[in-house]
Amino acid sequence: MEYNAKAIEKKWQDFWEENQAYEPKPDKTLPKKYILSMFPYPSGNIHMGHVRNYCISDAIARKFRKEGFNVLHPIGWDAFGMPAENAAIKHKTHPKVWTYSNIENMKRQLYSLGFSFSKTREFATCDSIYSKWEQSLFIAMWEKGLIYRKKGFLNWCPKDQTVLANEQVIEGKCWRCDTPVVQKEMYQYYIKITDYAQELLDDLETLEGKWPNQVLTMQRNWIGRSEGLKFTFKLENKIEYSKGAIENIEVFTTRPDTIFGVSYCALAPEHPLVKAVLENAESYGITQKQTEQILAIQNTSEKERAQQDKEGVPLGISVIHPLTHAKIPLWVANFVLISYGSGAVMSVPAHDERDYDFAKKYHLPILPVIIAKDSKAKLAKENFYDGNGILIHSQEFNGLDNEEAKIKIIEYFEKNQLGKAVVNFKLRDWGVSRQRYWGTPIPLVHCKDCGIVAETNLPVTLPEDVMIDGEGNPLDKHPYWKHCACPQCGKNAVRETDTLDTFVESSWYFLRYTTPTQLRQEEAFSRADESYWMDVDEYIGGIEHAILHLLYSRFFTKVLRSLGYTDSSEPFSHLLTQGMVTKEGAKMSKSKGNVVDPEEIIAQYGADTARLFILFAAPPVRELEWNDFALEGSYRFIKRLCAKVEKIQKIQNLPKIQSQNLNEKEKYARKKVYEALKKYQETFCHANGYAFNTLIAACMEALNALNEQDNAEIWSEGYFILLNILEPIIPHICWELSQEYFCLQNFTEIPIDKEALKEDSIVMAITINGKRRGEIKVDLTSSNGEILNLAKAEVAKWIEGKTILKEIVVPKKLVNFVVQ
Ligand code: ANZ
Ligand code: ZN
């Protein structure tokens, strides 16, 4: 048969659509599989990373469908976000128009690949009905006290009067106008993800072996649980200032064992004590220049500070060490973060690297209090040691092992009411406010009398008549949008003009998919559908989402569980992180100019070739290096598959073939076919990593083996099976051939014929005096005598003229001769 990819692919895509072949069934008694790939951002065109993502999920979805599972394999659009606004600024298009037209184009591209998505479940997160239910979930969380408003620092461009995302700050300057960016304190909304920190950490254990270890580790590090001691240092003299008086500072340390090595204390520049001191800077000997230096640190984002050299300013005041009563100087330092612990640290330069660098720079004392047990251990730096060891210069704690000292010192602090053992998390509450247009409006209203009130008339939709020019916040600038009546008292009030972080949309979209479209008008998702489909059986996406998206989704699921929306605790029972698509060793990207356009590949070779190549080139978790030669190879394989159909007969059932009547080549062909079938059953399993590449290789071997023989029945049986195996990978051609020859009756679970897999000959090694000298192929039915004769003939030159003292046959393994 001539292979005409274009015609075949169009025919079957239409057929699937007309027959709603890939819609989940309403029957909730069927066994289910929820196969989900991360939904795309509608940037305009699909790229090879998308193709790879959906080839993997589609293969899995198709396999389970054939086995009789009710499969949910949805697609949608993560449609809010900055690029739409950037496009609006650049091309003067409206974000909404830009987004929906991109969706149309990408949808066309995706369906041209024959992906078996449920068309009826599709949605975009910028649809106002999605906003409606997201807003209702937001309000439910607000009413539960899970959301609060607090001032926080944001990147601010004073010229454009706008908040900038981190990626819009380029070398400390605004991306549009080059004005130096400052940190501005503004009210923002936060979701209390920290309330769930311990649970988010603990439940990672249930994902062990189901999620990649790397991702579990990244999640653990991000949550960042530390155990330590919280205690206060008394100020030598209390500080009076406009807001009252400060008498002490609190610090958090994970190393109470080093407490006798404290040589200074360091504060974040935003610490209230720093503000208090700066009110009377002169009287503490702080110069104008130093004040400016402190303000400059404050105006640097925490991310940038992390890349800068250690830097600080002395505050001209001291605290008293709680155990030695020594005077300890106080400094402001750029490496102390206001948002962690208590924004202040006890610095131990002898045992902490940051403290060490800082002490060296400002000539502060370095006091070693732990020495290595092995006195010959080499110190990385003079007077610096960050390993375990024995305490010195630590009064009654001298001689203790430092791990033991940690416990003893915490005990001492607690007993004398000087401090407390605490657990700290790196995880911060999730700041969800964005001062942007293209997002879900935060459904809150500010009323002079009632305070902040939840909107009752949902959805709160975006105004369409806005000017997006990169200056200010379009919702705030709109002439009347924000003015409304207070939902509680009816008086004039003002809407919140912040929109939500787009990570909020992607934190529950997988729940929304579970519910048929008609029901989605009435609720965010239906309890009955959600409980049938959840949890996602296989979630497939890029490693770049290993932290935030997955953490937020896990968090949302837990919150929604506590609000009674679901019984799930973890949304994704298995996670498959696909590798990058690269070309010439670099990630495919526009900026590198090494992009291969999927549409061109489809136009030239067809969707099936693209799919086959993508799944053949590398196992899903590995990097996939683009290779034109291998692409050609995939195309040739499909053509070969078509060319050989002349040899098969039209059948509707698997033929029953008796092995004993077959010749070697026929037996071998059947063996290869059933080996491929066996591999198929093993491949589609999370634990085996879906190694489609080896499965495809097995199919290629089977086709070669079929070609070595002429038995029409064996050809037919072979195709009956191979088309079934290949259907998840190259569906169009498989449906075409299957319809023609097997009336589509081969797309079911096919049992393995164990007889066909049986080995009838095996290879045995021959050793002489224990050294390997050759091997022979013998029938499984051969007697020891026959085996020995064959073996002797094989190694004749090694035994010639020698006396054989012993002959040993280890069944199915080896023959050994002892000779002299
Ligand atoms: C003294 C010390 C000695 C420390 C030593 C470490 C090593 P993790 O493990 O990440 O929780 N720290 C506390 N609050 C901080 C803040 N707001 N900004 C920057 N650093 C802060 O880190 C806890 C350690 O980080 C704490 O233990 C503290 O320094 C510092 F040999 O106290 B440590
Ligand atoms: Zn009111």
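When a ligand or atom number is given, it counts from 1 through the structure's own listing order.
Residues forming a side-chain contact (heavy atoms from CB on, under 4.5 Å) with Ile147 (at least two apart in sequence, or on another chain): Phe138, Met141, Trp142, Tyr189, Ile191. Not counting sequence neighbours, the partners of Glu623 by the side-chain contact (heavy atoms from CB on, under 4.5 Å) test are Met580, Thr582.
Using a distance-only test at 3.5 Å, with no hydrogens or angles considered, a donor-acceptor pair links the side chain of Asn334 to the main chain of Asp309.
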What side-chain donor-acceptor pairs closer than 3.5 Å can you find for residues 201-216, not counting sequence neighbours?
residue	atom	partner	partner atom	Å
Asp202	OD1	Gln198	NE2	3.0
Asp203	OD2	Lys558	NZ	2.5
Thr206	OG1	Asp203	O	2.6
Glu208	OE1	Arg220	NH2	3.2
Trp211	NE1	Phe572	O	2.8

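Aromatic ring centres of Tyr264 and Phe358: separated by under 6.0 Å.
Within 4.0 Å of ligand 1, heavy atoms belong to protein residues Ser226, Phe252, Thr253, Thr254, Arg255, Thr258, Phe335, Val336, Leu337, Tyr340, Gly343, Val345, Met346, Val348, His351, Asp352, Arg354, Lys426.
Of the residues listed (Lys408, Lys373, Lys406), the one engaging Asp401 in a salt bridge (charged side-chain N to carboxylate O under 4.0 Å, His left out) is Lys373, and it is the only one.
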